[in-house]
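Everything numeric here is computed off the predicted structure, so don't read it as measured data. Protein chains get the first letters and strands the later ones, always in sequence-line order, with residue 1 at the start of each. Only this structure's heavy atoms are used, side chains among them; waters, hydrogens and symmetry mates stay out.
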Protein chains: 2
Amino acid sequence: MQVRLKNRKQQIVDLALELLQTRGFENFSYQDLARQLGITKASIHHHFPKKEDLGVALCQAIQDWHEREFSKSRAFAGSALEKLDRYVRGTLRYGGCEKKICPLSSLQADIASLPEAMRPALKRLDDHELEFVAELLQQGRDNGELSFPGDVRAQAVLVVLTCKAALQYSRVHGSEMFDEAMAQMKQLMVASQ
Amino acid sequence: MQVRLKNRKQQIVDLALELLQTRGFENFSYQDLARQLGITKASIHHHFPKKEDLGVALCQAIQDWHEREFSKSRAFAGSALEKLDRYVRGTLRYGGCEKKICPLSSLQADIASLPEAMRPALKRLDDHELEFVAELLQQGRDNGELSFPGDVRAQAVLVVLTCKAALQYSRVHGSEMFDEAMAQMKQLMVASQ
DNA sequence: GTCTATAGCTAGATAGAC
DNA sequence: GTCTATCTAGCTATAGAC
């Protein structure tokens, strides 16, 4: 029935997103999805004929997540530092635990093997995120909460890059490394110049 | 003959390292290696019976590279900033071009699927690299070239993380993003406090 | 050291019954 | 929408000839 179709599709996307963050796009299979959902591979193929189709749906799901989170942040009546904290502890992680990295980092790592259709989507998602963080930093610098030299965009690149890599490292070295990196980053942006 | 054995083994490791940096450990096969070297899969298995054995050899090769590069840097009579530049443009890249990321980042991304034997090796390699960069930053702060708040180790984490992520991003967004991130990072370390 | 041949498995994907 | 059955292709790995 139509109702279950949507639910099932959503279940598949949710699980695939989790496997993307823990194992990478090329390192989970329709078999993995089928087993964990209690259905067969053929059923997954019914919803997403090719894995590439699933990949595109994953990008769309991330896009939706971004849009929800970014507009929540814009509506949130807090300081730039608080918003940045919410980004670091929430948005960036996509409901993540210690074993999950950012789904965009995961896709970047597999870029050479990724289906062609996913690459422009990935680039757009990265750009969208950078734009959002740049907006945050701009606000913070304007009202004096943050201080850093140079271009806002360049600093946004630095912040986003650090967050992503910190998630990747913390999977190998423990979450203290994530906290250490975030604390140092913050110190640089309130102490500099 | 013994002489060719060593050469062949080295050829395999060199090529595997390149594929590790471009595609990831789980995304190249003995078939890929065999094809590009003009031999058969069975021959690769002669040198590295299991893929895990090849993986361990890759870690060892990276370790050797680190040791060579780090001691060259220590012997180099330049400023801390110059040494940092050499790290960013040379050591970090492992002979890399625009399509290659750091081999350690690549292994981190695949951590969940990696053979058990490679994980402690990966952690040790990361730590070794962090130690080296911390040493550089310490020297730079001591002689007044660099200035940054907080712990040297924490700043080293920040620098290394940024470099690694910048390589990953630049594969998707072009090398200008790498340059932009490095420039901003440097600005923060000479301008702050 | 390199080869042919092959085992055993898993991947993505499709056809067709229900 | 989900199933069984099946296909093709790729993977890691091994045995044994040369």
Side-chain angles (χ1 to χ4, degrees), chain A residues 1-20 22-59 106-107 109-110 112-119, chain B residues 1-20 22-59 106-107 109-110 112-119:
Chain A
M1 14 182 161
Q2 280 301 101
V3 177
R4 299 244 5 186
L5 168 67
K6 261 200 167 168
N7 289 347
R8 185 61 92 185
K9 243 184 149 157
Q10 193 58 50
Q11 281 174 31
I12 295 169
V13 166
D14 288 345
L15 179 56
L17 201 43
E18 191 177 320
L19 292 178
L20 173 68
T22 49
R23 310 185 51 87
F25 189 73
E26 302 292 340
N27 286 303
F28 73 83
S29 65
Y30 274 32
Q31 190 65 255
D32 296 325
L33 294 169
R35 219 177 345 240
Q36 293 189 51
L37 290 174
I39 54 178
T40 61
K41 287 196 292 178
S43 298
I44 318 263
H45 278 289
H46 169 75
H47 295 283
F48 303 100
K50 303 191 181 290
K51 203 180 179 189
E52 172 173 344
D53 300 322
L54 176 56
V56 170
L58 289 179
C59 292
S106 175
L107 292 173
D110 274 355
S113 324
L114 236 47
E116 204 59 55
M118 298 174 65
R119 295 184 206 194
Chain B
M1 13 179 163
Q2 279 302 101
V3 177
R4 298 248 359 189
L5 167 65
K6 260 200 165 165
N7 288 347
R8 185 61 91 186
K9 242 183 149 156
Q10 193 58 50
Q11 282 175 28
I12 295 169
V13 167
D14 287 346
L15 179 56
L17 202 43
E18 191 177 321
L19 292 178
L20 173 68
T22 49
R23 310 183 53 86
F25 189 73
E26 303 290 341
N27 286 303
F28 73 84
S29 66
Y30 274 32
Q31 190 65 254
D32 296 324
L33 294 169
R35 220 178 344 240
Q36 292 190 51
L37 290 173
I39 55 179
T40 62
K41 287 193 291 179
S43 298
I44 318 264
H45 277 287
H46 169 75
H47 296 283
F48 303 100
K50 304 193 180 290
K51 202 181 179 188
E52 172 173 345
D53 301 322
L54 175 57
V56 170
L58 288 179
C59 291
S106 175
L107 292 173
D110 273 355
S113 324
L114 236 46
E116 204 59 56
M118 297 175 65
R119 295 183 207 195

How many Å lie between [atom1] on [X] and [atom2] on [N], as a whole number?
{"X": "N7(B)", "N": "dT2(C)", "atom1": "CG", "atom2": "C1'", "value": "16 Å"}
{"X": "F28(B)", "N": "dT12(D)", "atom1": "CZ", "atom2": "P", "value": "8 Å"}
{"X": "L19(B)", "N": "dC11(D)", "atom1": "CG", "atom2": "P", "value": "12 Å"}
{"X": "K9(B)", "N": "dT2(C)", "atom1": "NZ", "atom2": "C1'", "value": "16 Å"}
{"X": "L54(B)", "N": "dC11(D)", "atom1": "CG", "atom2": "P", "value": "14 Å"}
{"X": "L33(A)", "N": "dT2(D)", "atom1": "CG", "atom2": "C1'", "value": "16 Å"}

Between R8(A) and I39(A), which heavy-atom pair has the shortest distance, and what is it?
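Closest pair (atom of R8(A), atom of I39(A), distance): NH2-CG2, 3.4 Å.
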With the side chain of I39(A) defined as its heavy atoms from C-beta on, choose the nearest nucleotide among dT2(C), dC3(D), dC11(D).
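Shortest atom-to-atom distance from the side chain points to dC3(D).
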By nearest heavy atom, map G38(B) and Q31(A) onto DNA chain C; which one lands nearer the 5' end?
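The residue whose closest nucleotide sits nearer the 5' end is G38(B).
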So, is [X] close to the [N] phosphate, meaning a side-chain N or O under 4.0 Å from OP1 or OP2?
{"X": "H46(A)", "N": "dC3(D)", "answer": "no"}
{"X": "S29(B)", "N": "dG10(D)", "answer": "no"}
{"X": "T40(A)", "N": "dT2(D)", "answer": "no"}

What residues, two or more places apart in sequence or in another chain, satisfy ring-ring contact (aromatic ring centres under 6.0 Å, His included) together with F48(A)?
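Listed in chain order: nothing, the list is empty.
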Could you check whether any side-chain heavy atom of [X] comes within less than 4.5 Å of a side-chain heavy atom of [Y], counting everything from C-beta outward?
{"X": "L19(B)", "Y": "Q36(B)", "answer": "yes"}
{"X": "C59(B)", "Y": "L107(B)", "answer": "yes"}
{"X": "F25(B)", "Y": "L58(B)", "answer": "yes"}

Can you run down the salt bridge (charged side-chain N to carboxylate O under 4.0 Å, His left out) pairs that involve residues 35-51 of chain A, sequence neighbours left out, and say none if there aren't any?
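Residue pairs with at least one partner in residues 35-51 of chain A: D32(A)-R35(A).
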Can you tell me which residue among H47(B), H46(B), H45(B) is in a ring pair (Phe, Tyr, Trp, His ring centres under 6.0 Å) with Y30(B)?
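Single ring pair (Phe, Tyr, Trp, His ring centres under 6.0 Å) partner of Y30(B) among H47(B), H46(B), H45(B): H45(B).
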Using atom names, set out every protein N or O paired with an N or O of nucleotides 13-15 of chain C below 3.5 Å, distance rounded to 0.1 Å.
from: dA13(C); atom 1: OP2; to: K51(A); atom 2: N; distance (Å): 2.8
from: dA13(C); atom 1: N7; to: H45(A); atom 2: NE2; distance (Å): 3.1
from: dT14(C); atom 1: OP1; to: K50(A); atom 2: NZ; distance (Å): 3.2

